[in-house]
Q: 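I'd like to ask some things about the structure below.
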Amino acid sequence: MSTVSAPIDVTSTPAWAALQKHYDELTAAGVDLKGWFAADADRVSKLSYDMGEFHIDLSKNLVTDETMKLLVDLGRAVGLEERRDAMYQGVHINTTEDRAVLHTALRRPATDAGKFIVDGQDTVADVHEVLERMYAFAEKVRSGEWKGVTGKKIEHVMSIGIGGSDLGPVMVYEALKPYADAGIDCRYVSNIDPNDMAEKVKGLDPETTLVIVVSKTFTTLETLTNAREAKTWLLETLKASGAIDGSDEQNAEAIKKHFVAVSTALDLVADFGIDPENAFGFWSWVGGRYSVDSAVGLSLIVAFGPEQFENFLKGFHDVDMYFQNTPLEENVVALMGLMNVWYVNFFGAKSHAVLPYNQYLHRFAAYLQQLTMESNGKSVRWDGTPVTTATGEIFWGEPGTNGQHAFYQLIHQGTQLIPADFIAFVNTPNPTKDGDQDVHELFLGNFLAQTKALAFGKTADEVRAEGTAEWMVPARVFTGNRPSTSIFGIDLTPYAVGALIALYEHITFVEGTVWGLDSYDQWGVELGKQLAKQITPAFHDDEALDVQDASTKALINFYRANRR
Ligand code: F6P
């Protein structure tokens, strides 16, 4: 059993009782953003925060000065600061796996070597040793010094991984596409559905393709299956074109030139046939969904270069330091996490929209889904006891303005309260004019319009004043008082993406801490994996079919009756 003390039951703290009383009074008096703005000229300045390059405006949330004070009290009541410090120091706060949680060590500067010795390991020194190896490798690939088996420069990277070994790299690759400066494009294969691989190899020339197999455990079914498929594709296609003769020797040489791996299990990488020289490690104290800034981000270093990866790491680190060193009262990272608790536990919110007003962030919500939901989708606390309140939020979203024409109706006028984070940037790498109109400003105007409409709505009188028939007035009323946070950056740079990820990593930590969760395990994904192994033979084997439940049996029988 871990030495971490049992979680404090947040619902039994005086801070919780005070928040409940405050919530009751606030809702009895009526949540009234319009009124609150009118009554307090300083509301916006009091609820706006600068975190590095980001300006974060919380003023359109359903909070008052008193709410913020009580939320900070709640954080203190559960020992938020102590647990944060314990995490940064390498205490095994991942109790069910008895592991330290040290993604913050991945982005510490080299000058921190020797300062974070955890379980006998100099974590920062080891991180920088791997970074230097990756940088040297990536430079060779980018410059063309690294050549494929037929002597050609690498032009494509196919990164194979799933979950944390995929979502982070894809999201960041898409976010930073304008920084891809070496003529190398990346494709990401994750799904075991053969359709994924089939589409991703289309048009790929194996002579100019580098495959990166990314798996923390190097046992994941999807990744190993796809990696074997990629191996077969590469060797067979090279042989068919006469590039290699198919001998063991030439096959091994082709694998050496075209396959590299990222894993914590370097022995299994070698067993797979990948040269240990071409393997990059990380450690058990990096959770999969917290690993994009480890060797898992190798494809990003190849695409964008070591310098930009350093900027990316700096963005993370600056937020880590901000979160650690800013008093809770002024700490927007902590406040955003605590506000999410406010919405989930007091307003009964079930989901949280994340709405980037930047097309390059189109995979951000998908990335956040694993980060937040695999971390905090739990009913048991870190000591094995049941949770004492609702936990977790469903994160979802699409880039604006596409979302506006799809699901915003429900956010504006539906019966559910959905807190929404809007993420936008002052500048665009693609400035465009439509006549005299700056298109980026048109876009940003939409971001601001949405947050305004959500907060302040439109009254029945305002609708009537437009000449609307009386019976139709209710359908056109916007209640307002729908919470949003505006996260406004300057440019979507590697630094900004690192900062944004760290912001949400720590928000997730704050929520998990209040709820008493081990946000770093993921037992909930195991049962399905076990059952898939047990069920798959039943497509062909009657004995395996016989032991299935009636529904599964019927579905397999449908498959059997219709397969070609
Ligand atoms: O099944 C969930 C999971 O364990 C994730 O937590 C992880 O990111 C993913 O699988 C991939 O695991 P690996 O990197 O070991 O292949």
Side-chain angles (χ1 to χ4, degrees), residues 93-103 106 130 134 158-173 188-193 196-197 211-231 259-272 274 279-300 363-378 392 395 501 504-505 508-509 512 517-536:
I93 65 165
N94 176 351
T95 49
T96 72
E97 296 178 321
D98 193 15
R99 285 178 183 165
V101 174
L102 271 173
H103 41 278
L106 295 171
V130 175
M134 290 199 294
M158 186 205 284
S159 183
I160 299 176
I162 197 164
S165 296
D166 170 71
L167 288 161
V170 182
M171 183 277 281
V172 176
Y173 177 69
Y188 294 85
V189 180
S190 52
N191 205 326
I192 198 172
D193 180 345
D196 195 11
M197 177 68 83
V211 179
I212 306 180
V213 184
V214 187
S215 175
K216 179 175 170 181
T217 55
F218 228 75
T219 57
T220 303
L221 176 75
E222 292 86 342
T223 300
L224 292 190
T225 306
N226 282 328
R228 280 189 294 271
E229 262 188 63
K231 204 191 223 180
F259 267 74
V260 301
V262 171
S263 186
T264 58
L266 297 177
D267 49 335
L268 298 182
V269 170
D271 292 349
F272 184 85
I274 294 176
F280 301 92
F282 61 115
W283 307 274
S284 65
W285 38 262
V286 183
R289 54 196 175 273
Y290 297 85
S291 68
V292 61
D293 47 340
S294 71
V296 167
L298 181 61
S299 58
L300 306 172
R363 294 296 290 161
F364 193 62
Y367 165 76
L368 273 192
Q369 285 178 335
Q370 188 201 14
L371 176 66
T372 60
M373 291 155 76
E374 205 171 71
S375 295
N376 289 338
K378 291 167 189 168
F395 276 78
I501 297 174
Y504 280 94
E505 285 177 347
T508 304
F509 165 81
L517 305 177
D518 178 349
S519 299
Y520 304 98
D521 64 10
Q522 57 282 319
W523 298 105
V525 300
E526 292 305 321
L527 178 59
K529 290 184 192 171
Q530 277 172 13
L531 291 178
K533 276 194 200 144
Q534 189 227 335
I535 290 172
T536 305

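By convention here, the first residue in the shown sequence is residue 1. Just so you know, these numbers use all the heavy atoms, side chains as well, and skip hydrogens, waters and symmetry mates. All ligand and atom numbering here is 1-based and tracks the order in the structure.
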Q: Looking only at the side chains, is there a donor atom on one of Tyr173 and Ser159 sitting less than 3.5 Å from an acceptor on the other?
A: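 Side-chain D/A pair, Tyr173 to Ser159: absent.
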Q: Measuring centre to centre across the rings, with the benzene-like ring taken for any Trp, is Phe364 within less than 6.0 Å of Tyr504?
A: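 They qualify: ring centres under 6.0 Å apart.
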Q: Just so I know, are the side chains of Ser291 and Phe282 near enough to count as touching, which here means a heavy-atom distance under 4.5 Å?
A: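 They are in contact (side-chain heavy atoms under 4.5 Å apart), so the answer is yes.
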Q: Do Met197 and Met158 have side-chain heavy atoms sitting under 4.5 Å apart?
A: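 Heavy-atom side-chain distance check passes, below 4.5 Å.
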Q: Taking non-hydrogen atoms within less than 4.0 Å of ligand 1, which protein residues qualify?
A: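 Ile162, Gly163, Gly164, Ser165, Ser215, Lys216, Thr217, Thr220, Gly288, Gln370, Glu374, Gln522, Val525, Lys529.
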Q: According to salt bridge (Lys or Arg N to Asp or Glu O under 4.0 Å), who are the partners of Lys378, at least two apart in sequence or on a separate chain?
A: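 Lys378: salt bridge (Lys or Arg N to Asp or Glu O under 4.0 Å) contacts with Asp521.
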Q: Is the shortest heavy-atom distance from the side chain of Tyr188 to the side chain of Met171 under 4.5 Å?
A: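 Tyr188 vs Met171: side chains apart.
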